[in-house]
There are 2 protein chains.
Amino acid sequence: MATLAQHQHSPDDTIHGHGLRMTGQRRAVYDVLMGERNHPTAVEVFTKVRGQVPNISLATVYNCLETLTDCGLVKIVTHERGPSRYCPNLKDHAHFFCDSCGEVSDLPLRARKRPQDVWEVPENITISHHQVAFRGECPKCAKKKNLKSEARNPKSK
Amino acid sequence: MATLAQHQHSPDDTIHGHGLRMTGQRRAVYDVLMGERNHPTAVEVFTKVRGQVPNISLATVYNCLETLTDCGLVKIVTHERGPSRYCPNLKDHAHFFCDSCGEVSDLPLRARKRPQDVWEVPENITISHHQVAFRGECPKCAKKKNLKSEARNPKSK
DNA sequence: CACCTTATCAAGAACAATTCCTATTTAAGT
DNA sequence: ACTTAAATAGGAATTGTTCTTGATAAGGTG
């Protein structure tokens, strides 16, 4: 019951609710994710977390991330054979991946909308999850590119 | 220019349009994909294609799949760290993955609908691609499960 | 047709991300 | 303190994919 998480108050309670313990390693991993919501990879979490728990192993980071995911405290985000990324935003949302800078950001689901409004899902199919990814260029990168092309070609507006 | 494919008639023309050749291996791989539209993995294509080209190598199958993808003749489908799958349906569509039998099927985009209708995409973001996956249970598996629970518990309707 | 150039291929090595294994450590509940 | 199960570090193993290399094949040109 992953949704349990939303009705309880602390991540500790949620983890205990699954019969598991909130260890130093798990807390450190969770704190990294909550701290900067950059959708880091396991390796990125690993290097960050080493600041707090200097001899944590990568395998333990993977274990912690799996535990947190199983408890519903974080979501795992996969995109086109790249390394998995982790996201503490529990609301229903899609992801945007910038092709030039690699930045990942959250796109909230609009109120009273469902994916089924856009794709034809036969009604005898039961949907339990959906995963939606957009790719393109983020505003920062678009701006940067414009500046560059102006520099090359100053006359063109 | 991947969209070229839709305006030309034969896959050969499309491949030639990219300065490449339609070889026996590429045709065999393409034919397997067009034949059974089951979203096979590279390994599945490999074993199928061996019937036509007995000593093709797995690396060549990967190369052919990449070439066909680059030319816009097929789409690559990734899902949650599983092996990539390949799909010759060039229309805009999402995918449904059955959690019990692993079947993959296409869900067409509804007419005059866009993913942006459902998720809030800041309008200064440029979207070039989207990838949408649904998970759940297909009708066949749902039926199977019902039969089983009836057998266990014949009174319950 | 002979020649040249480039694309393509098979086979296996290399690689990246993740998972598995095992012995050791830690923690919770008596 | 004792018992039992959970958690960890470290490294080996696995999986899916890409890279490298030398050989082969094909198209275009004189």
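Since we're looking at a predicted model, the values are computed, not measured.
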Exercise. Taking the six-membered ring for Trp, are the ring centroids of B:H79 and B:H95 within less than 6.0 Å of each other?
Worked result: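 No, too far apart.
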For this session: Starting from P on C:dA27, measure out to CG on A:D12 and report it in whole angstrom.
Result: 14 Å
For this session: Rounded to the nearest angstrom, tell me the gap between atom CG in A:L65 and atom P in D:dT8.
Result: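 Distance, rounded to whole Å: 12 Å.
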Exercise. What string of B, S and - do you get for nucleotides 3-19 of chain C, 5' to 3', when a contact is any protein heavy atom under 4.0 Å?
Worked result: ---BSSSBBB----SBB
For this session: Give the C-alpha distance, both sets of side-chain angles, the deciding distance and a yes or no for side chain to side chain contact (heavy atoms under 4.5 Å, CB included) between B:V118 and B:K113.
Result: CA-CA 9 Å; B:V118 173; B:K113 295 281 185 180; over 6 Å; no
Exercise. Per the side-chain contact (heavy atoms from CB on, under 4.5 Å) rule, which among B:V74, B:V53, B:L65 passes with B:V29?
Worked result: B:L65
Exercise. Are A:H129 and B:D99 linked by a side-chain donor-acceptor pair shorter than 3.5 Å?
Worked result: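 Note: A:H129 and B:D99 side chains miss the donor-acceptor criterion.
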Exercise. Taking ILVMFWY side chains as joined if any heavy atoms are under 4.5 angstrom apart, and letting links pass through other members, which residues group with B:F97?
Worked result: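 Under the 4.5 Å side-chain rule, B:F97 groups with B:V77, B:V104.
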